[in-house]
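These notes are about the structure you will find just below.
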Amino acid sequence: MTGALRIRALKVPPAIILARAAQDSRLAEVFSDVTFKTWPDAKAMHADLKSGGVGLSIVPTHLAATLYNGGTPLRMLCVNMWGILHVLSHAPIAPNWQALRGKTIAIPLKGNMPDTIFSTLASLVPLDLAAESTIIFQDSYLAAKDAVLSGACDVAVLPEPVASAAAAEGAHRMLDLQLEWAALTGRPPQFPQAGTVVPQSLTNTQTQLLLTVMEDALAWIAANPDAAGVLGAPLLGLKASVITHYVQTTNWISLTG
């Protein structure tokens, strides 16, 4: 038996996969201690990953690449998330980029994937966000959701299932960034948003076990959407019913996309 396995997650949909994986008894046969916790914010995630103390996580692909290129000995096993980003508005707005001019836009987690993807697409429109709109960065997805619902901003960039939760509470869907990606780049309507990372120090046997456990966790989520909703509710800060609906209607539960 080897050392401890620290499983960590942001408060986003992949946390459900990791939380279920942490319950798998096979991990205790290989690792001396298995723990699962969520990070309070992206800053804590970055610091924890850089320190090398995380054994299993799902993180934004651009962050994994940045850490790897900076010398952090990470290995990406697969891509889990292939695009779940949407733009929602406080009041009905025309569903096009031109309507964003002059608007106040809430973006969660500065420098993270919502910011990166939204800014990249805006530059292709082209739309000069800094000059033609007002950007307000929020510390969490839920804070961005609350900002658009309250009218503190005109629009917000939100991932699912937070976007669906906002829509259920009165926000208006404006842009599907997966479809906008396809329209503006000429590529399929998907982008590698987040992937599973492990330390390079793990053996091939350990790595294969983690992949198997993750696959089984995904299969469990697909087969048990109600239970997945209950498991995910405290992790994401959303109603279990919202997460259950998300699991049933969104094709995100795949290690290969």
Side-chain angles (χ1 to χ4, degrees), residues 5-25 27 34-45 48 54-60 80-88 106-109 112-114 138-150 152 156-173 176 178 193-196 210 213-255:
L5 177 68
R6 296 175 69 239
I7 303 175
R8 298 293 183 264
L10 276 179
K11 298 176 182 180
V12 294
I16 306 171
I17 308 172
L18 293 165
R20 176 61 185 178
Q23 298 173 352
D24 197 302
S25 61
L27 296 179
V34 179
T35 59
F36 170 78
K37 292 182 180 179
T38 56
W39 286 300
D41 50 45
K43 184 178 180 181
M45 171 183 64
D48 211 6
V54 179
L56 177 65
S57 189
I58 299 175
V59 304
N80 305 82
M81 307 292 287
W82 289 91
I84 53 171
L85 297 175
H86 298 262
V87 177
L88 289 92
I107 301 178
L109 308 178
N112 210 316
M113 288 301 277
Q138 302 288 339
D139 292 334
S140 70
Y141 300 127
L142 295 183
K145 176 177 79 75
D146 291 342
V148 74
L149 288 173
S150 69
V157 181
L158 298 173
E160 290 290 3
V162 179
S164 288
E169 295 178 46
H172 302 267
R173 290 187 179 273
D176 180 325
Q178 290 64 236
Q193 189 168 335
T196 299
L210 292 180
V213 167
M214 293 282 281
E215 287 278 13
D216 289 349
L218 289 168
W220 177 85
I221 291 170
N224 302 276
D226 289 329
V230 172
L231 178 61
L235 300 176
L236 276 63
L238 298 172
K239 293 180 180 179
S241 58
V242 171
I243 298 173
T244 294
H245 178 73
Y246 174 56
V247 169
Q248 292 174 320
T249 60
T250 306
N251 185 28
W252 64 277
I253 46 176
S254 169
L255 289 185

Trace of the side chain to side chain contact (heavy atoms under 4.5 Å, CB included) decision for Leu10 with Asn112
CA-CA 12 Å; Leu10 276 179; Asn112 210 316; 4.2 Å; yes
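- Under a 3.5 Å cut-off, the side chain of Thr38 and the backbone N or O of Ala9 do not form any donor-acceptor pair.
- Among residue pairs with one or both ends in residues 156-166, those qualifying as side chain to side chain donor-acceptor pair (under 3.5 Å) are Glu160-Ser164, Glu160-Arg173, Ser164-Arg173; sequence neighbours excluded.
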Show the numbers, then the answer: is there a side chain to side chain contact (heavy atoms under 4.5 Å, CB included) between Trp220 and Leu231?
CA-CA 12 Å; Trp220 177 85; Leu231 178 61; 4.0 Å; yes
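- Looking only at distances, no side-chain donor or acceptor of Gln193 sits under 3.5 Å from a matching main-chain atom of Met113.
- Not counting sequence neighbours, the partners of Asp24 by the salt bridge (charged side-chain N to carboxylate O under 4.0 Å, His left out) test are Arg26.
- Listed by first then second residue, pairs satisfying salt bridge (Lys or Arg N to Asp or Glu O under 4.0 Å) with a partner in residues 162-172 read Lys145-Glu169, not counting sequence neighbours.
- More than 12 heavy atoms of other residues, nucleotides or ligands shown are found within 6.0 angstrom of NE2 on His172.
- Judged as a side chain to side chain donor-acceptor pair (under 3.5 Å), not a single pair has a partner in residues 222-239 (not counting sequence neighbours).
- Ala219 pairs by the side chain to side chain contact (heavy atoms under 4.5 Å, CB included) definition with nothing, not counting sequence neighbours.
- The backbone N or O of Ala152 sits less than 3.5 Å from a side-chain atom of Ser150, completing a donor-acceptor pair.
- How far CE of Met81 is from OG1 of Thr196: 10.5 Å, rounded to the nearest 0.5 Å.
- A side chain to side chain donor-acceptor pair (under 3.5 Å) check over residues 6-17, counting only residues at least two apart or in different chains, returns the pairs Arg6-Asp48, Arg8-Thr35.
- Considering only residues two or more places apart in sequence or on other chains, Val87 meets the side chain to side chain contact (heavy atoms under 4.5 Å, CB included) condition with Phe118, Val155, Val157, Met174, Leu175, Leu177.
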Leu238 vs Tyr141, test: side chain to side chain contact (heavy atoms under 4.5 Å, CB included). Steps then yes/no.
CA-CA 11 Å; Leu238 298 172; Tyr141 300 127; over 6 Å; no
Please step through side chain to side chain contact (heavy atoms under 4.5 Å, CB included) for the pair Leu5 and Leu210, ending with a clear verdict.
CA-CA 10 Å; Leu5 177 68; Leu210 292 180; 3.9 Å; yes
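- Residues meeting the side chain to side chain contact (heavy atoms under 4.5 Å, CB included) test with Ala21, sequence neighbours left out: Val213, Met214, Ala217.
- Using a 4.5 Å heavy-atom cutoff, the side chains of Asp41 and Asp139 are not in contact.
- Annotation for Asp216: atom CG counts as buried by contact number, over 12 foreign heavy atoms lying within 6.0 Å.
- Annotation: side chain to side chain contact (heavy atoms under 4.5 Å, CB included) contacts of Asp146 (sequence neighbours excluded): none.
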